[in-house]
Amino acid sequence: AKLHLIPRYMQKITDVPFNIARPTWEYDPDFDVSNHVFELNMEPPGTDGQLLALASRLSEGRLDREKPLWEINVVHGLSGGRSALISKVHHCLVDGVGGVEMLMVVLDVSADLAPPPPPAMPFEPGPLPSRTERFIDALFDNAAERVDRWAELQRGFLDLLEGNLSNAKAVQAGLRRALPYFTVPVAKACFNGKFSGQRQIAVTSYPFEQLRGVRKALCGTVNDVVLAVLSLAMREYLRQHGESVEGREFRVLTPVNLRREDESGTFGNRISMLLVELPVYLSDPEEMLRTIAARTQKLKDEHAADGIEMIARGLMGLPTPLMSALTVLPSPPNNVANMVCTNVPGPMIPLYTVGHRLLEHYALAPLGWEMGAGVAVTSYNQRIYVTLQSDSGLVDDMEVLRELFDGAYRELCRVAGVDMAAAPAMAELGRTAA
C-alpha cells in the first residue's frame with residue numbers, strides 16, 4: 001500500500017547500449033510485489049539463534065538484476081508469538097541513512113495509524129525504452145553532465161580567485177589522510193582474505209542512555225564509544241587468534257553521511273569514508289577512548305570526509321566506457337583497511353507495521369574488498385543495536401566476538417561509573433508484543 005511513496009522500489013537498473021553512459025533507473029514493466037515479498041515459517045521452537053542462522057543464509061548471494069534490487073522475507077513462528085522481517089536491499093539503492101529514512105516511510109509511528117492515501121493514478125508501467133531511445137537519452141545525459149562538471153570547475157576557479165580555499169583545503173586534507181594508508185600496508189587480520197560467500201551473524205544491544213553516560217563521564221561522542229568498544233573487543237579477539245597487538249593499529253573504515261538538509265529523503269549513496277586507526281595496543285579502556293576521540297575530532301576539524309568525497313566525485317567524471325572496463329579487472333589487494341564499522345542513527349521512538357510493534361532492529365552492512373568481518377550499528381527506541389557479521393569461510397566465531405564486545409562494553413561502563421543495572425530490560429520495552 002505504500003509502494004507509491006518509494007517509486008525507486010519499482011524501478012530496475014537498465015544498461016545503456018555500448019556503455020556510453022552509466023546505467024539508468026527504469027520502471028519494471030513486469031513489476032509484481034510477490035516477486036519481492038516472501039513468507040517463511042520457522043521450525044519449532046523458533047529461537048533467536050534459528051532466526052540469525054536464517055538471516056545469515058538469506059544474506060548470501062546476489063539479488064536478481066532483472067528486477068528491482070530488494071526483497072523482504074516475512075518470518076513466522078518465532079518464540080513468544082513474534083515474527084520477523086529480513087530485508088535485503090542493494091547498496092546502490094540506499095545507503096544506511098537512506099535505509100533508515102525508507103524505514104520511516106514503510107513503517108508507522110502508531111499502532112492504529114490510518115492506511116496511506118492511494119496514489120493519484122494507478123501504477124501502470126509502460127515498456128522499457130528501446131535501445132535506440134536509451135542510446136539517444138544517454139547522449140543528452142552525457143552532454144548535460146559535461147556542462148555540470150564544467151560549471152563546477154568554473155566555480156572552483158572563482159573560489160580560488162576570490163580567496164575561498166575551503167574546497168582546496170578539504171581535498172588536500174583528504175589526500176594527506178588517505179595517501180599514507182595506501183603506501184603503508186595494513187597488518188592483515190585473520191578475517192582479511194578471499195571470501196567463500198557464506199555468512200555468519202551475531203547480534204547484541206545496549207541501552208542508549210548508558211553509552212551517553214560513558215561519553216559524558218569520559219569524552220568523545222557516542223560513535224567514539226562504539227569504536228572504543230570495538231577496539232577493546234578486537235584487541236582480545238586478535239590475541240585469541242594468535243596475532244600480536246604490540247604497537248598495532250587496527251584500521252577501520254567508517255562511513256560518513258554527506259547529505260545536506262535539502263537532500264533528506266534521497267536514495268542512492270551520499271556517503272564518504274573515513275579511515276580511523278584503532279589503537280589495539282592499548283589495554284586501558286579510558287586511554288583507548290580518549291585516543292580514539294582525539295583522532296576522530298582531528299579528522300572532523302580537517303574536513304577530511306569532504307575532501308575524500310570531492311576526490312571520489314572527480315573520479316566519477318572519468319568516461320563511462322573506461323569506468324566500465326575497469327570493473328571487469330580483478331580488484332587490487334586490500335592493503336588499506338581491516339574492517340568497516342558503520343553507525344547509522346535511527347528513530348528513537350517505537351515503530352509499527354499493520355498494528356504490530358517493532359521490538360528490535362538490526363542493520364546488516366555488506367562485506368567487501370577482503371574485509372571478511374564487519375560491524376553495523378544502528379539506534380532504535382532508546383537502544384543501540386549491534387550486528388557482527390563475517391564470511392564464515394574465513395572466521396566462524398562471531399559469537400566469540402559478540403561475547404568480547406559485551407565484555408568490553410561492560411568494562412568501559414565500569415571505568416566510566418555507569419550503572420548498568422539501572423537500564424530497563426528488553427522485556428520491559430515490550431518484548432512480548434507480536
Side-chain angles (χ1 to χ4, degrees), residues 49 52-53 55-56 59 181 185-196 198-206 211 214 223-254 275-292 295-296 334-343 362-377 384-415:
L52 290 177
S56 299
S59 68
Y181 299 128
V186 67
K188 297 291 183 73
C190 49
F191 44 75
N192 294 135
K194 295 187 181 299
F195 293 173
S196 69
Q198 298 176 315
R199 297 289 183 262
Q200 187 182 77
I201 298 171
V203 299
T204 188
S205 71
Y206 313 116
L211 278 87
V214 173
N223 190 57
D224 293 331
V225 175
V226 170
L227 289 175
V229 173
L230 171 60
S231 187
L232 290 166
M234 193 52 61
R235 169 185 168 85
E236 294 306 315
Y237 185 82
L238 294 172
R239 292 173 66 185
Q240 288 187 17
H241 282 264
E243 299 187 30
S244 173
V245 295
E246 190 70 27
R248 183 169 180 173
E249 300 278 8
F250 185 81
R251 294 183 186 172
V252 174
L253 285 169
T254 60
L275 199 151
V276 182
E277 290 188 308
L278 302 184
V280 294
Y281 58 87
L282 295 175
S283 59
D284 179 76
E286 182 173 354
E287 185 181 4
M288 179 89 74
L289 175 56
R290 293 191 181 280
T291 302
I292 291 170
R295 292 178 178 182
T296 58
N334 178 6
N335 295 317
V336 179
N338 298 111
M339 175 184 284
V340 172
C341 178
T342 177
N343 186 356
Y362 295 96
L364 195 61
L367 300 179
W369 200 26
E370 299 181 358
M371 292 180 283
V375 180
V377 182
I384 290 283
Y385 291 92
V386 181
T387 308
L388 309 170
Q389 181 188 197
S390 74
D391 182 287
S392 58
L394 291 169
V395 289
D396 60 356
D397 54 357
M398 285 298 96
E399 189 60 26
V400 170
L401 182 57
R402 197 272 307 163
E403 292 174 357
L404 293 174
F405 219 89
D406 288 346
Y409 173 76
R410 288 192 296 269
E411 181 63 14
L412 203 53
C413 285
R414 184 193 65 79
V415 170

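Heads up: numbering here begins at 1 and tracks the sequence.
- With values rounded to the nearest 0.5 angstrom, Leu282 atom CG is found 13.0 Å from Arg290 atom CZ.
- Rounding to the nearest 0.5 Å places CG of Leu364 at 11.0 Å from OG1 of Thr342.
- Between Val229 and Val386 there is no side-chain heavy-atom pair separated by less than 4.5 Å.
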Leu278 vs Ile292, side chain to side chain contact (heavy atoms under 4.5 Å, CB included): CA-CA, chis, key distance, verdict: CA-CA 7 Å; Leu278 302 184; Ile292 291 170; 3.8 Å; yes
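- With sequence neighbours excluded, no residue forms a side-chain hydrogen bond (donor to acceptor under 3.5 Å, both in side chains) with Glu287.
- When all heavy atoms of Ala337 and Asn192 are compared, the closest pair comes out as O-ND2, 4.4 Å.
- Ser390 contributes a side-chain N or O that, together with a main-chain N or O of Val395, makes up a donor-acceptor pair within less than 3.5 Å.
- Going from atom OG of Ser244 over to atom OH of Tyr281 covers 13.5 Å, rounded to the nearest 0.5 Å.
- Side-chain contact check for Phe250 versus Leu238: some heavy-atom pair is nearer than 4.5 Å.
- Arg295 contributes a side-chain N or O that, together with a main-chain N or O of Glu277, makes up a donor-acceptor pair within less than 3.5 Å.
- The CD1 atom of Ile384 lies 11.5 Å from the OG1 atom of Thr204; values are rounded to the nearest 0.5 Å.
- Remark: side-chain polar atoms of Arg199 are not paired, donor with acceptor, to backbone N or O of Ser56 under 3.5 angstrom.
- Taking the side chain as every heavy atom from C-beta outward, Ile201 and Thr387 approach each other to under 4.5 Å.
- For the pair Gln389 (side chain) and Leu367 (backbone), a donor-acceptor distance under 3.5 Å is absent.
- Distance check, rounded to the nearest 0.5 Å: CG of Asp391 to CG of Asp396 gives 10.0 Å.
- In this structure the side chain of Leu401 reaches within 4.5 angstrom of the side chain of Met398, judged on heavy atoms.
- In this structure the side chain of Met234 never reaches within 4.5 angstrom of the side chain of Leu404, judged on heavy atoms.
- When atom types are taken as modelled, the side chain of Glu399 and the backbone of Ala202 share no donor-acceptor pair closer than 3.5 angstrom.
- Side chains of Leu253 and Met371 form a contact here, defined as non-hydrogen atoms less than 4.5 Å apart.
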Evaluation steps, side chain to side chain contact (heavy atoms under 4.5 Å, CB included), between Val226 and Leu230: CA-CA 6 Å; Val226 170; Leu230 171 60; 5.6 Å; no
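- The side-chain hydrogen bond (donor to acceptor under 3.5 Å, both in side chains) search around Gln198 returns none, not counting sequence neighbours.
- When atom types are taken as modelled, the side chain of Glu370 and the backbone of Asn334 share a donor-acceptor pair closer than 3.5 angstrom.
- Taking both residues in full, the closest heavy atoms of Pro285 and Glu411 are given as CG-CG, 3.6 Å, listed atom of the first, atom of the second, then distance.
- Between Ala363 and Ala376, the closest heavy-atom pair is O-CB, 3.7 Å.
- In this structure the side chain of Asp397 never reaches within 4.5 angstrom of the side chain of Gln240, judged on heavy atoms.
- Shortest non-hydrogen contact noted between Gly374 and Met339 is CA-CG, 3.9 Å.
- Residues satisfying the salt bridge (charged side-chain N to carboxylate O under 4.0 Å, His left out) test with Arg410, not counting sequence neighbours, are none.
- Tyr385 and Tyr362 have perpendicular rings, their planes meeting at more than 60° on a 0 to 90° scale where under 30° would count as parallel.
- If you take CG on Asp224 and CG on Leu289, they are separated by 6.5 Å, rounding to the nearest 0.5 Å.
- The closest donor-acceptor contact from the side chain of Asn338 to the backbone of Arg251 lies under 3.5 Å.
- Here the shortest heavy-atom pairing between Ala408 and Ala233 reads CB-N, 3.8 Å.
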Residue pair Tyr409, Val225: steps toward the side chain to side chain contact (heavy atoms under 4.5 Å, CB included) verdict: CA-CA 9 Å; Tyr409 173 76; Val225 175; 5.7 Å; no
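- Side-chain atoms of Asp406 do not come within 3.5 Å of backbone N or O of Glu403 as any donor-acceptor pair.
- Contact detail for Leu412 and Ala228: the closest heavy-atom pair is CD2-CB, 4.0 Å.
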Intermediate values then yes/no, side chain to side chain contact (heavy atoms under 4.5 Å, CB included), Met288 and Leu232: CA-CA 8 Å; Met288 179 89 74; Leu232 290 166; 3.4 Å; yes
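- Residues Cys413 and Val214 are in side-chain contact: their nearest non-hydrogen atoms beyond the backbone lie under 4.5 Å apart.
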